[in-house]
Amino acid sequence: MRVPILKQGNYLIASIQSALTDEDLLQLRDDLAAQVGRYRAKGVIVDVTVVDVMDSFATRTLRDLGQMIRLRGAQTVIVGIQPEVAFAMVQLGLELGQVATALDLEEGLALLQQLTS
Amino acid sequence: MTTIEKRIRIESDAGIISARAAAWSAAQEAGFDSFDRVLIATAVSEVVRNILEYARLGEVVVATVQQGDQRGVMVVARDTGPGIADVAQAMKGGYSTGRGLGLGLSGARRLMDEFEISSQAGSGTTVTMKKWLR
C-alpha cells in the first residue's frame, strides 16, 4: 500500500500508517525522490512513529532514501523512532548514517527549517 | 500461559510481516515487555530475510516455550536452500559493514539468548533461537 505523501510549504511529509512490505518501502523511497523534483521540495520528513520493527532492510532503505534526496538537493529527517525500536537498532548496530533524525513531526519541521535556511 | 505455536511458510516478503506478527503475539503471550518484543520481532525479521535471500523458500515456527519455571519464545527457521559451507566464517563479519551471508544471522544472534545454526552445503539451513523472560 502506497504511503501518502503530503506537501507542506517547501516540504514533503510521508507518514507511514501501517506495516510496510519491502516493496512499499522501496516505492516510498522512489516516490519521494520523484516528488522532490515535481514540487521542488527542499525537505522531506519520514514519520516512522507507527513502525514497530526497524530491521537491516528498513534501515538501509531509509539511508538510501536520505542519500537520494540529498543528491536531488533536499534534506531528509526521519522522525518518530520509538524507544524500543531505537534500542533494537543500537543492539544490532544499525545506523542511519548521515540521515538526520528528530523526535517527532514538530521537531522534524523545526530541524528542516534550520537545515534549509 | 497459553501455548502458542505458529508455522509460517516463507516464500515472499509477505512472510516477513507474518513471521513478525507471530513473533509479536508469542512474545506478548510469554510476558515479554515492549523492548523485548521488538528485539524478538527484529531477530525473526532478520532470520526470515536470510531465508528469502539465500534459499527463497523456507518455514518459520514461532512458539512460546516453558522450561521449568522459565518462560520464553523459541523460533525455528528452516530452509532447503544451498546451505552454508562454512558456518563459522559466515557468522563472522561486522553487522553494519554492508551485505554478506552472515550479517542477518549474526545480528539475530546478538538479540536472542540462545542461538544455534546447523547448515550443510547442498541441504539447507536450520536456525534455532530462544529468548527467555528475565
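The analysis underlying the following values was restricted to heavy atoms, covering all of them including side chains, and did not include hydrogens, waters or symmetry mates. To find a chain, count down the sequence lines: A is the first, B the second, and so on, and within it residues start at 1.
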Enter the distance from B:I17:CD1 to A:T21:OG1 here, rounded to the nearest 0.5 Å.
-> 5.5 Å
Can you tell me how far the CG atom of B:L111 sits from the CZ atom of A:F87, to the nearest 0.5 Å?
-> 8.5 Å
Assess whether atom [atom1] of [X] is packed by more than 12 heavy atoms of other residues, nucleotides or ligands within 6.0 Å.
X     : atom1 : result
A:E23 : CD    : no
B:Q70 : CD    : yes
A:Q8  : CD    : no

Compare all side-chain heavy atoms of A:Q82 with those of B:V38 and state whether any distance is below 4.5 angstrom.
-> no
Below 4.5 Å, heavy atoms only, C-beta onward: do A:F57 and B:D13 meet side chain to side chain?
-> no
What one should report as the nearest heavy-atom pair of A:D55 and B:S45 is OD2-OG, 2.6 Å
What closest approach, in Å, do A:Q91 and B:R110 show between heavy atoms, and which atom pair accounts for it?
-> O-CD, 3.2 Å
Going hydrophobic residue to hydrophobic residue with side-chain gaps under 4.5 angstrom, can you get from [X] over to [Y]?
X     : Y     : answer
B:W24 : B:I4  : no
B:V47 : B:V61 : no
B:V76 : B:Y54 : no
A:V77 : A:L62 : no
A:L65 : A:I16 : yes

For the candidates B:D33, B:L39, B:I16, which exhibits the highest count of non-hydrogen atom pairs separated by less than 4.5 Å from chain A?
-> B:L39
Specify which of B:A41, B:A21, B:S34 makes the most heavy-atom pairs with chain A at under 4.5 Å.
-> B:S34
Considering only NZ, NE, NH1 and NH2 on the basic side and carboxylate oxygens on the acidic side, decide whether B:R49 and A:D22 come within less than 4.0 Å.
-> yes
Interface moiety of A:M54 toward chain B, non-hydrogen atoms closer than 4.5 Å | backbone
Give a yes or no on whether the backbone of A:S56 and the side-chain of B:E46 come within a donor-acceptor separation of less than 3.5 Å.
-> yes
